[in-house]
Amino acid sequence: MLDVNLLRDHPELISATLSHRGIDGVDLDTLAELDAQRRAVRAEAEALRSEQKEVGGTVARLDGDEKDAAIARGAEIATAYKAKLAEADELDARFEAGWIPLPNLVHASVPKGETEDDNEEIKQWGDVPSFDFPVRDHLELAAESGIIDMERAAKISGSRFGLLTGKAALLELSLVRWALDRLEPQGFTPVIPPVLVKEEALFGTGFFPDDAEQVYSIPSDDLFLVGTSEVSLASMHADEIFPVADVPLRYAGFSTCFRRESGAAGRDSRGIFRVHQFDKVEMFSFCHPDGSWEEHDFLFAQEEALVQELGIPYRVVNVCSGDLGASAAKKYDIEAWFPGQERYREITSCSNTTDYQSRRLKIRVKEDKGNRLVHTLNGTAVAVQRTLVAIMENYQRADGTVRVPDALIPYTGFETF
RNA sequence: GGAGAGGUGGCCGAGCGGACGAAGGCGCUCGCCUGCUAAGCGAGUAGGGGGUGUAAAACCUCCUCGAGGGUUCAAAUCCCUCCCUCUCCGCCA
């Protein structure tokens, strides 16, 4: 959620962001009028309330006719107050309906564009491997050993579910543990959070109302399955005020992630590249509002270090405005090279959501001159399934086996699979 | 799932219809005092919205005592619904 003061003092910044993001049809003038109106009506209601309290206060001290008169007067004011209050509430609701969906202000360095095709490549790392044998994709590589079983997964759960068995399962655990071991010394506290969350958590992080169609819901219990542990990690500190010394506060959350992938019908339908359920280690940081761009670089540096240690060639893209989520002010994606697809595909992303989430979640840092909203940032450490695919395809050998990246061997206990 | 207890400020804890945003204590901050880590004394110490503004300040006002509704001139206090925590029983990874 944006700061309402922007609408009052700098509406041009909002319109700039909207046009940057390619969103039109938002009537800021009407919103501003509605805002002024709701405040005026709220002020009238408050004046009545103040009078009511004053009159009410005299009732206890009066007797006889005077008391009766005060009670009668109080009743009149109470009626008027309730009516005015209802009017103010209604105006608030109308205002919020227009205000809440507005996305975060985008950073000036975000390229303007509509789809991921407009993302700006800013870096390449590593050498795209060349093979002197026919390249297999991850499913072909898994065929012999059967460590990825799509057919049986479909039997259990339908399409877009995967089953990792044997060494694939062990490799997942190795990846997770390896990532946590790298992050903990950098100040990230490992966390295993709930993945079933309340609506407030999704609203607070900006996934509601914008991406509601991507979220699995459990209507019988009013709970939702998270698409990323970012939701849980951000929400765990809702309504808190940190001492300045406590920030940046960093977590590395490990969780299963659930995504409906609605609208992705037909895309990446092969294997475990895009599935409804996957596992991920996610970095999350609550930091001082003056330091979030540095923190963004810091989180991104962790991502690069991890992918580099795995030795997977990648490129970095600065995600364009149209491909940016509502809560992000800026986002870098790392796209790994997938020999099976012969192109770069996203394996991590790192966003600075500035105060967009913290405003909804009411997370502040204590300062002498009033408390300030923290900035929140998130970044993928390891998206297990996609990383597994990237490893398999990049480390494949002529005989169809795969070499385990050196960094993981101490964790896997095996060198090939 | 069954039975009971309870949710108040950073923490503990009073209040159970009227001057209560809230006694008291602890903690913390500042000052004083005491010639030795300690003690004592004084002051301050929740968050948020709106308004006036000499706009850094100061002032006025409203909201918040788990959440939401209701009763009343008036609710932390009474009623209803929901959520959460704790204890005991049952079940269970």
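Lettering follows sequence order; numbering is per chain, from 1. Hydrogens, waters and symmetry mates are skipped; everything else that's a heavy atom, side chains included, is used.
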Taking only distance into account, with no hydrogens and no angle test, what donor-acceptor pairs under 3.5 Å do side-chain atoms of residues 295-308 of chain A form with protein atoms, sequence neighbours excluded?
from: E295(A); atom 1: OE1; to: R250(A); atom 2: NH2; distance (Å): 2.9
from: E295(A); atom 1: OE2; to: R250(A); atom 2: NE; distance (Å): 2.7
from: E295(A); atom 1: OE2; to: R250(A); atom 2: NH2; distance (Å): 3.4
from: E295(A); atom 1: OE2; to: S285(A); atom 2: OG; distance (Å): 2.7
from: H296(A); atom 1: NE2; to: C350(A); atom 2: O; distance (Å): 2.9
from: Q302(A); atom 1: NE2; to: F298(A); atom 2: O; distance (Å): 3.2
from: E303(A); atom 1: OE1; to: T348(A); atom 2: OG1; distance (Å): 2.7
from: E303(A); atom 1: OE2; to: T380(A); atom 2: N; distance (Å): 2.9
from: E304(A); atom 1: OE1; to: K123(A); atom 2: NZ; distance (Å): 2.7
from: E304(A); atom 1: OE1; to: Y314(A); atom 2: OH; distance (Å): 2.4
from: E304(A); atom 1: OE2; to: K123(A); atom 2: NZ; distance (Å): 3.4
from: Q308(A); atom 1: NE2; to: Y314(A); atom 2: OH; distance (Å): 2.8

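- Distance check on atom P: C91(B) versus U81(B) gives 30 Å, rounded to whole Å.
- Applying the side chain to side chain donor-acceptor pair (under 3.5 Å) rule to pairs touching residues 188-200 of chain A yields nothing, sequence neighbours excluded.
- When both distances must be under 3.5 Å, the Watson-Crick or G-U wobble mate of A57(B) does not exist.
- The list of ring pair (Phe, Tyr, Trp, His ring centres under 6.0 Å) pairs with a residue in residues 143-168 of chain A, not counting sequence neighbours, reads F161(A)-H276(A).
- Only the C1' atoms considered, G21(B) is 16 Å distant from G49(B), to the nearest whole Å.
- Salt bridge E76(A)/R73(A): present, at least one basic N to carboxylate O contact under 4.0 Å.
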Under 3.5 Å, sequence neighbours excluded: what are the donor-acceptor pairs made by side chains of residues 170-187 of chain A?
from: S174(A); atom 1: OG; to: L170(A); atom 2: O; distance (Å): 2.9
from: S174(A); atom 1: OG; to: Y411(A); atom 2: O; distance (Å): 3.3
from: S174(A); atom 1: OG; to: T412(A); atom 2: N; distance (Å): 3.4
from: R177(A); atom 1: NE; to: D181(A); atom 2: OD1; distance (Å): 3.0
from: R177(A); atom 1: NH2; to: D181(A); atom 2: OD1; distance (Å): 3.4
from: W178(A); atom 1: NE1; to: E309(A); atom 2: OE2; distance (Å): 3.3
from: D181(A); atom 1: OD2; to: Y411(A); atom 2: OH; distance (Å): 2.6
from: R182(A); atom 1: NE; to: E309(A); atom 2: OE1; distance (Å): 2.9
from: R182(A); atom 1: NE; to: E309(A); atom 2: OE2; distance (Å): 3.2
from: R182(A); atom 1: NH2; to: E309(A); atom 2: OE2; distance (Å): 2.8

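- G68(B) atom P lies 11 Å from atom CG of D89(A), rounded to whole Å.
- The CD atom of E199(A) sits 18 Å away from the P atom of A67(B) (whole-angstrom rounding).
- Pairing of A76(B), defined by two Watson-Crick or G-U wobble distances under 3.5 Å, is not identified with any nucleotide.
- Pair assignment for G31(B): C41(B), on the basis of Watson-Crick or G-U wobble contacts that are both within less than 3.5 Å.
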Donor-acceptor pairs under 3.5 Å, side chain of residues 324-332 of chain A to any protein atom, not counting sequence neighbours: which ones?
from: K330(A); atom 1: NZ; to: S109(A); atom 2: OG; distance (Å): 2.7
from: K330(A); atom 1: NZ; to: Y332(A); atom 2: OH; distance (Å): 3.0

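- Annotation: cation-pi pair R345(A)/F338(A) absent, no NZ/CZ under 6.0 Å from the ring centroid and within 45° of its normal.
- Comparing the P positions of C80(B) and G6(B) gives a spacing of 15 Å, expressed to the nearest Å.
- Base-pair partner of C36(B): not found among the strands shown (Watson-Crick or G-U wobble, both distances under 3.5 Å).
- Remark: P of G68(B) and CG of D222(A) are 17 Å apart, rounded to the nearest angstrom.
- Regarding D239(A), its CG atom lies at a distance of 12 Å from the C1' atom of A67(B), rounded to whole Å.
- With P as the reference atom, U77(B) and U85(B) are 23 Å apart, rounded to whole Å.
- When Watson-Crick and G-U wobble pairs are counted only if both distances are under 3.5 Å, C16(B) pairs with no nucleotide at all.
- Contacts classified as salt bridge (charged side-chain N to carboxylate O under 4.0 Å, His left out) and involving residues 159-170 of chain A (residues at least two apart or in different chains) are not found.
- On the P atoms, G27(B) is 22 Å away from A22(B), given to the nearest whole Å.
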Where do N or O atoms of nucleotides 70-73 of chain B meet protein N or O atoms at under 3.5 Å, pair by pair?
from: C73(B); atom 1: O4'; to: I71(A); atom 2: O; distance (Å): 3.2

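- In this entry C26(B) has G10(B) as its Watson-Crick or G-U wobble partner, both defining distances falling under 3.5 Å.
- Comparing G70(B) with C63(B), their P atoms are spaced 15 Å from each other, to the whole Å.
- Remark: A5(B) base-pairs with U85(B); criterion is Watson-Crick or G-U wobble with both hydrogen-bond distances under 3.5 Å.
- Comparing the C1' positions of C36(B) and A43(B) gives an interatomic distance of 28 Å, to the nearest angstrom.
- Checking H288(A) against E294(A) by side-chain atom types alone, no donor-acceptor pair falls below 3.5 Å.
- Every pair passing ring pair (Phe, Tyr, Trp, His ring centres under 6.0 Å) that includes a residue from residues 344-376 of chain A is listed here, sequence neighbours excluded: W337(A)-Y344(A).
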field: Sequence-aligned protein contact record of nucleotides 45-64 of chain B, with B where the base is within under 4.0 Å of a protein heavy atom and S where only the sugar-phosphate is
entry: --SSBSS---------SSS-

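- Using N1 to N3 plus N6-O4 or O6-N4 for Watson-Crick, or N1-O2 and O6-N3 for G-U wobble, each under 3.5 Å, A46(B) pairs with U64(B).
- Remark: the separation of the P atoms in A76(B) and G68(B) is 13 Å, to the nearest Å.
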